[in-house]
Each structure stands twice: as C-alpha cells, then as structure tokens.
2 protein chains.
Amino acid sequence: MTAEQTPVRRRGPSMADVARLAGVSGQTVSRVANGRHNVDADTRERVLAAMREVGYRPNSAARALRNGRFRSIGVIVFELSSFGNTRTLDAIAAAATTRGYAVNLLPVLDASQEAVSGAFSRLGEQAVDGVIILIEAHTLDDAEVPLPDGLPVVVVDSSAHYDYPIVDTDQAQGARLATEHLLDLGHQTVWHLGGPPSSFAAARRLRSWQQTLTDRGRPVPPVLVGDWSAGSGYEAGRQLADNPDVSAVFVANDQMALGLLRALHERGRAVPEDVSVVGFDDQEEAAQFWPPLTTIRQSFAEVGRRSVDALINEIQAGEHHHQPVSVATELVVRSSTAPPR
Amino acid sequence: MTAEQTPVRRRGPSMADVARLAGVSGQTVSRVANGRHNVDADTRERVLAAMREVGYRPNSAARALRNGRFRSIGVIVFELSSFGNTRTLDAIAAAATTRGYAVNLLPVLDASQEAVSGAFSRLGEQAVDGVIILIEAHTLDDAEVPLPDGLPVVVVDSSAHYDYPIVDTDQAQGARLATEHLLDLGHQTVWHLGGPPSSFAAARRLRSWQQTLTDRGRPVPPVLVGDWSAGSGYEAGRQLADNPDVSAVFVANDQMALGLLRALHERGRAVPEDVSVVGFDDQEEAAQFWPPLTTIRQSFAEVGRRSVDALINEIQAGEHHHQPVSVATELVVRSSTAPPR
DNA sequence: GGCGATCATGTTGACGTTAACATCGGAGGT
DNA sequence: ACCTCCGATGTTAACGTCAACATGATCGCC
C-alpha cells in the first residue's frame with residue numbers, strides 16, 4: 001500500500017517555467033525581471049504576461065548566491081526594551097527599505113555574555129551584507145567579539161573604542177543645552193540623574209553636565225544613578241525630593257523623568273515651582289507628562305538614516321569613514337522648568 | 001597603463017576551501033557543518049580546525065537555494081509607532097530566534113494604500129518562508145492584497161475577516177475586567193475613551209465595555225474617540241474633566257490614559273478621589289504615572305510567541321489552525337482607581 | 001552590394017550547498 | 001573462510017539566477 005505522496009509543488013515557479021510559457025530563453029526572462037533595456041517591447045510584454053500567469057517571484061536565494069550580495073543588512077539589538085533603540089530601529093528599517101535593502105533583526109536575548117556572542121556567531125550564518133550594532137558598548141567590550149572578518153559594520157553608540165564607523169546623537173551638546181537652560185533660568189546649580197555607568201551615552205551626558213557646571217563656576221552636586229527605567233527614576237526622585245537644596249534636575253532620559261515627577265508629586269514638591277526638571281529624548285509622551293516635560297529632543301530618525309547611509313557606503317564602496325557622525329539635539333521648553341522660587 | 005585590479009577576494013571561503021585544507025571531500029565538511037553524527041571524531045576535529053583556520057561561514061544563500069527554505073520569517077509592521085507593536089515584535093524576534101528562524105522586517109512606510117501594497121509586493125522578493133502581519137486590519141481590507149500564493153501567513157489582530165490564522169490578546173475579556181473593576185468599586189457607570197475606529201482591537205474593547213454595562217443594567221455614556229496617542233487622550237480628557245457626572249473612565253490604552261491624567265490634573269480633578277481611571281496594556285511606565293495607573297496587562301510576549309508558533313507550524317507542517325488564538329489579560333490594580341467619593 | 005556595427009536573443013557554466021547514491025574497509029555471524 | 005551489514009567517506013547532480021560569450025539578423029554607409 002504505497003502512500004500517495006501529495007504532489008505539492010513546494011517550490012514556486014522559476015524562470016524556466018516562465019521562459020517555457022513565453023517561448024523564450026531563461027536569459028531573456030532574467031533580462032525582463034531585471035529591467036534591462038535590450039529586450040524587444042513585444043517580447044517583454046509576452047514575458048511579463050507569462051510571469052503574471054504563473055505568479056513568478058524571483059528567488060532571492062539564487063540571486064544572492066549568484067551575485068554574492070544579499071541586499072540585506074542585519075541589526076543587532078538588545079531587546080527592543082529602550083525607547084531609543086526602538087525609534088532608531090524604525091528609522092533604520094525605513095531608510096534601508098528606501099535604499100532597497102531588507103532588514104534582518106538579530107535580537108540579543110538577554111544581557112549575558114554568551115547571549116551577545118551567540119548573536120554574533122549567529123550573525124555569521126545570516127544572509128546579510130553588513131551589520132548595524134545597536135547595543136550599548138560595554139556589553140561588547142569584553143566579549144571576544146567574533147565579528148566575521150570583512151563584514152561591514154556600523155556602531156550606533158557614543159564610544160570611540162571601535163574600529164568601526166560610529167553614528168550617534170551628540171550627547172555632549174544635548175546635556176550642555178539642558179544644563180545651561182536651567183542655569184540661565186537662575187538656578188544656582190543643577191542636579192543630575194544619570195543612566196547606567198555601562199552606557200557610553202550616559203557617561204557622555206554626565207561628563208558634559210559636569211563640564212558645563214564647572215565652566216560656569218558652579219558647584220557640582222553628587223550624581224544619582226538610574227538604569228533608564230521609570231522605576232529607577234522614581235527611586236532617585238524620592239532621595240532628591242527630601243533635599244530642600246534641590247531646585248533643578250537634569251534627568252538623562254524622559255522615562256526616568258516620569259518616575260522622578262511622580263516622586264516629587266508624592267512628596268508634595270511642586271514642579272516647576274519648587275523643582276525644575278529637564279529630560280532627554282523627547283519621546284511622544286513627554287508633552288503629556290504632568291507637567292509637560294521640558295526636554296532635549298534627539299533625532300532618532302536622523303541617526304537611523306545616517307547609520308544606514310554609512311553602512312551601505314561601506315558595503316558598496318568599501319569605504320570606511322572613521323570620522324564619527326554626530327547628530328545635533330534641540331531643547332524643547334515646556335512647563336517643567338521655571339526660574340527658582 | 002593597465003589599472004591594477006585589487007585582487008580582493010570578495011567571497012568568503014567555501015566548503016571546497018575547507019575540504020582542501022582538511023584533506024576531505026566537500027560532503028564531509030557539509031556533514032560536520034550540520035552536526036551529522038556519521039563522521040569520525042578525528043576527521044571532525046580536522047575539519048573544524050580547518051574551518052577555524054580559514055574562517056569558514058556557511059553561505060546561507062546557497063543553503064536556502066539548495067533546501068528551498070530560508071529559515072526566515074517576515075514581519076510586516078506599520079512603523080514601530082505603537083507600544084504594542086514594538087513589544088510584540090520584540091517577542092516575535094525572540095521566539096523566532098529561539099526556534100532557529102531569522103526575522104525580516106518589512107516596514108510599511110506610511111499609511112497610504114500604496115505603501116501597504118508596496119510592502120506586500122516587496123514581500124514576494126523577500127527571502128522568507130512565512131509572514132506575520134502586524135498592521136491594523138482596516139489598512140488591509142480594501143487593498144488588493146497580493147499576498148504570494150501559498151505563503152504561510154499569520155495575522156496578529158482581532159478581526160475575523162481573514163483566511164489566515166489569527167493570534168491576539170483577548171480584548172473583550174480585558175475590557176470586561178476593566179469595566180467590572182470600576183463598577184465593583186461602586187461607580188454608577190463607566191465612561192470610555194476608545195481607540196481609532198479603524199482598529200479592530202479598539203472596536204472589540206469598546207463593544208465589550210458596552211456589553212458589560214448593559215449586562216449590569218447601567219447606562220451607556222457617549223463614547224470618546226482617540227487615536228492611541230497621549231495627545232489625543234489629553235484632548236478627550238479636557239472634555240471629560242468638565243463633566244461632573246464622570247467618576248470613572250476606562251481608557252483603551254495607557255498612553256491615552258497618560259494624557260487624560262494630565263487633563264484631569266490641569267482642571268483640578270483629583271485622581272482617584274474625583275475620577276477613577278483604568279488603562280490598557282500595562283506598559284512599564286504605567287506604574288510610574290501620577291498616580292500609578294490601574295490597568296489591564298496584556299502579554300505581548302505570549303502573543304508574539306504564539307504567532308511564531310502558529311506560523312512555524314504552518315511552514316513546517318502545512319497545517320492551518322483557523323481557530324483564532326486568544327491570549328488572556330490580567331487586571332493590575334494600582335492607585336488610579338477608588339470607590340466614588 | 002559588401003562590411004562592420006548594432007541589437008535581440010540564445011547557450012553555457014558557475015555561484016556554494018546537500019540529497020542521493022556509490023564505494024570501500026572492517027566487524028560480526030555462521 | 002565466506003558473506004552480510006554498517007559506518008565512514010567520496011562522487012554526482014541539481015537548486016534558480018545571471019555574467020560572459022556566441023549567434024544571427026538588421027541596418028547604414030562607402
């Protein structure tokens with residue numbers, strides 16, 4: 001009793017099928033598929049009709065094998081946890097698509113060393129022409145980064161520790177903008193709730209805040225440290241709220257600022273009357289915080305676009321631009337800042 | 001003057017190179033690369049060493065061509081705008097990676113018809129074995145959806161309008177949970193700020209809220225409509241705040257709830273003393289809203305996992321499960337709800 | 001009217017991998 | 001000692017596409 005094998009055509013139609021139907025050679029089909037001009041108008045029509053009839057789809061595997069290029073870029077992300085990464089990824093995807101490249105997501109499942117190197121080694125088997133790395137630097141630093149040799153890479157980060165082209169927001173400029181805004185309002189000094197020490201972006205913002213204060217001859221208060229999460233902002237806020245000296249705080253991102261605002265409300269300290277707060281990122285919700293948050297807007301779209309440009313440049317021209325790309329930020333004044341009482 | 005062509009070996013080493021170095025046939029290298037057991041331990045070592053030496057990486061294009069499978073799934077997303085999509089995508093990426101599949105991002109650049117069908121036709125050229133669709137239904141409905149024939153598809157949405165398997169959060173159960181929570185606290189009725197009419201998820205939540213009220217013999221207040229954004233929540237909140245009849249509001253997502261809270265604060269209506277508010281999603285920040293938001297937690301992780309499971313099942317077994325998958329939600333009580341004054 | 005130029009189209013082979021089959025040597029059974 | 005079976009390894013061909021080259025027809029020009 002021979003089991004009747006379902007004769008399901010698993011593969012789709014190929015050029016050969018189209019060619020047969022149109023009565024031409026495979027090569028002609030190829031030419032039509034690739035929009036070459038040296039095909040007779042009639043023939044082209046006939047081929048296109050045949051393609052439609054059989055539902056032809058070019059096989060990208062065969063194409064990639066033949067051409068040695070995948071027209072695809074990989075993006076290594078550490079979860080899509082953070083607001084910034086998400087937005088940047090979005091911009092990358094848009095830019096890549098526009099440039100005719102597909103985007104391959106290579107998630108790093110947890111923060112462990114092995115997960116990171118796991119992602120990197122998986123990379124070797126991926127069908128990508130280049131990679132954009134979207135995870136914070138420290139996670140990489142120690143890892144024996146087994147990046148496949150000769151694979152173009154662009155890093156989105158604020159570290160200068162790489163041999164790869166770097167694109168990022170100008171953290172220092174943004175932090176200066178925030179700090180100066182508060183000082184200009186008349187505050188004696190500005191406190192700072194920073195991001196995790198492992199983040200270069202956080203370190204840059206912190207350093208620049210510090211620098212701005214000393215440039216102006218102001219005392220530098222002790223730094224509070226959060227982990228980017230709103231919860232950690234709340235924790236820090238509870239400490240700050242009880243300190244009557246605190247009249248102005250620069251928070252390293254909007255999410256932490258949200259938690260900080262909650263802590264201040266809880267303790268009955270009015271914003272901005274008692275305490276002024278400036279965030280960083282300008283995520284959509286910041287305008288709807290209570291009170292609406294003054295913050296530093298960074299253009300994730302621009303960062304995404306620039307990193308794709310840099311990567312595709314590397315892929316197609318083989319050119320490295322080791323000159324880091326810095327994207328400027330912008331101060332957005334809302335209601336969470338005011339002169340000291 | 002013949003320009004010296006840089007003899008850059010653009011292609012990486014292939015199995016043949018490894019085979020030559022290890023003194024075996026290509027097939028043996030293939031067996032080692034795929035972890036087959038029928039290879040002598042010594043030989044395997046020799047091959048592995050050779051691989052390391054030349055820096056061998058399997059060429060996934062050749063593999064895909066040979067096997068007819070890409071081990072890759074596509075995800076069609078309408079920007080990564082919404083919190084929910086982002087989280088679901090994250091879960092999908094994690095689940096897919098765990099199952100050994102790569103994830104291809106297929107962004108829909110704008111809401112226009114052509115952008116959507118653009119994404120779909122691009123799909124035909126993508127190296128994917130199946131697709132998960134993460135865009136709201138209405139955008140698809142009218143479109144001549146030119147989905148490649150025979151390509152496995154899973155839709156993450158609450159519509160039943162598809163021929164494809166569907167996975168989504170149990171919107172109706174969540175909305176009922178929210179509404180009942182408020183009624184149980186003693187509120188006479190519950191107002192509703194819904195999502196855009198184009199969203200099936202929003203429609204489900206609305207319908208279930210309505211149903212719950214009528215089941216309990218309560219009056220059904222007029223519906224307010226937002227677009228998921230915090231800004232639209234603020235707009236709606238300004239209307240609600242001036243209405244003294246409003247003592248309880250069920251908001252269709254947390255972001256809009258944030259804006260609504262701001263509007264209530266602005267008008268001096270205390271939460272929860274004057275007005276109780278329940279959100280939907282339980283995004284991380286909800287616990288740090290002012291006051292911390294009572295909300296409906298939906299498991300994006302589960303939705304992502306289940307949709308990947310469904311898709312891979314379809315890919316590997318060819319089985320469709322037209323039975324929609326519904327993922328349960330959970331009420332998380334915080335400080336934004338209380339009995340009426 | 002002959003000759004090369006130009007253009008549409010066809011033929012061949014290679015990209016790197018692996019399924020299917022072939023081969024070969026030794027272990028085990030009678 | 002002979003035969004079988006099994007496991008390790010090699011050989012061949014094919015997946016779908018496209019560059020490179022080959023062919024043959026048409027055209028214009030001296």
Side-chain angles (χ1 to χ4, degrees), chain A residues 5 8-48 50-51 54-72 124-129 148, chain B residues 5 8-48 50-51 54-72 124-129 148:
Chain A
Q5 266 296 96
V8 180
R9 175 80 178 273
R10 217 43 198 143
R11 305 261 188 166
S14 76
M15 281 194 166
D17 300 307
V18 176
R20 207 170 307 119
L21 184 61
V24 298
S25 77
Q27 187 54 215
T28 298
V29 178
S30 170
R31 285 191 260 255
V32 171
N34 291 18
R36 294 285 145 70
H37 297 298
N38 51 347
V39 178
D40 189 78
D42 287 354
T43 314
R44 155 168 285 118
E45 267 323 309
R46 204 144 31 88
V47 170
L48 287 173
M51 282 181 173
V54 302
Y56 171 73
R57 301 278 160 187
N59 180 318
S60 49
R63 257 188 193 171
L65 176 57
R66 181 65 242 247
N67 301 333
R69 292 277 162 90
F70 299 97
R71 291 212 70 100
S72 173
E125 306 169 9
Q126 292 304 323
V128 296
D129 300 320
Chain B
Q5 266 295 99
V8 180
R9 174 84 178 270
R10 216 46 197 141
R11 305 260 187 169
S14 74
M15 281 194 166
D17 300 307
V18 176
R20 205 170 310 120
L21 184 61
V24 299
S25 76
Q27 185 58 213
T28 298
V29 178
S30 168
R31 286 191 261 254
V32 171
N34 292 18
R36 295 283 145 70
H37 297 297
N38 50 346
V39 178
D40 190 76
D42 287 353
T43 314
R44 155 168 285 119
E45 267 322 309
R46 208 144 28 89
V47 170
L48 288 174
M51 283 180 172
V54 303
Y56 171 75
R57 316 190 279 132
N59 179 318
S60 49
R63 244 181 207 179
L65 177 57
R66 179 67 243 241
N67 300 334
R69 291 275 162 90
F70 298 96
R71 293 213 68 102
S72 174
E125 305 168 9
Q126 292 305 321
V128 296
D129 300 321

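Note on A/T43: a side-chain N or O is less than 4.0 Å away from OP1 or OP2 of C/dT9.
Note: CZ (A/R57) to P (D/dT17) measures 13 Å, nearest angstrom. If you take CZ of B/R20 and C1' of C/dG16, they are 13 Å apart, rounded to a whole angstrom. Rounded to whole angstrom, the span from the CZ atom of A/F70 across to the C1' atom of D/dC18 amounts to 16 Å. Straight-line distance from the OH atom of A/Y56 to the P atom of D/dG16: 10 Å, rounded to whole Å. Atom-to-atom, CE of A/M15 to P of C/dT11 comes out at 16 Å; the value is rounded to the nearest Å. Atom C1' of nucleotide D/dA22 and atom CG of A/N38 are separated by 15 Å, given to the nearest angstrom. Between A/R69 atom CZ and D/dC18 atom C1' there is a gap of 15 Å when expressed in whole angstrom units. Atom CG in B/D17 sits about 8 Å away from atom P in C/dG16, given to the nearest Å.
B/R20 pairs by the salt bridge (charged side-chain N to carboxylate O under 4.0 Å, His left out) definition with B/D17, not counting sequence neighbours. Residues forming a side chain to side chain contact (heavy atoms under 4.5 Å, CB included) with A/S60 (at least two apart in sequence, or on another chain): B/F70, B/A127.
In this structure a side-chain-to-backbone donor-acceptor pair under 3.5 Å is present from A/D40 to A/D42.
Residues A/A61 and B/L65 share a closest heavy-atom pair of CB-N, 3.7 Å. When all heavy atoms are compared, the tightest approach of A/V18 to A/M51 is CG1-CG, 3.8 Å. Here the closest non-hydrogen pair linking A/R44 and A/R36 is NH2-O, 2.6 Å. When all heavy atoms are compared, the tightest approach of A/G26 to A/A19 is N-CB, 3.7 Å. Here the shortest heavy-atom pairing between B/V39 and B/T43 reads CG1-CB, 4.0 Å.
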Below 3.5 Å, can you tabulate the donor-acceptor pairs from side chains in residues 28-35 of chain B to any protein atom, sequence neighbours excluded?
{"residue": "B/T28", "atom": "OG1", "partner": "B/S25", "partner atom": "OG", "Å": "3.4"}
{"residue": "B/N34", "atom": "OD1", "partner": "B/R63", "partner atom": "NH2", "Å": "3.1"}

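Note on the helix from C/dG1-D/dC30 to C/dT30-D/dA1: angle between the axes of the first and last five pairs equals 40°, rounded to 10 degrees.
Listed by residue number, the members of residues 25-36 of chain B with any heavy atom below 4.0 angstrom from DNA chain D are B/S25, B/Q27, B/T28, B/R31. Annotation: proximity of residues 59-67 of chain A to DNA chain D (heavy atom, distance under 4.0 Å) is found for A/N59, A/A62, A/R63, A/R66, A/N67, numbered in ascending order.
Contact annotation for A/D40: backbone-only contact, meaning every heavy-atom pair under 4.0 Å involves sugar-phosphate atoms and none involves a base.
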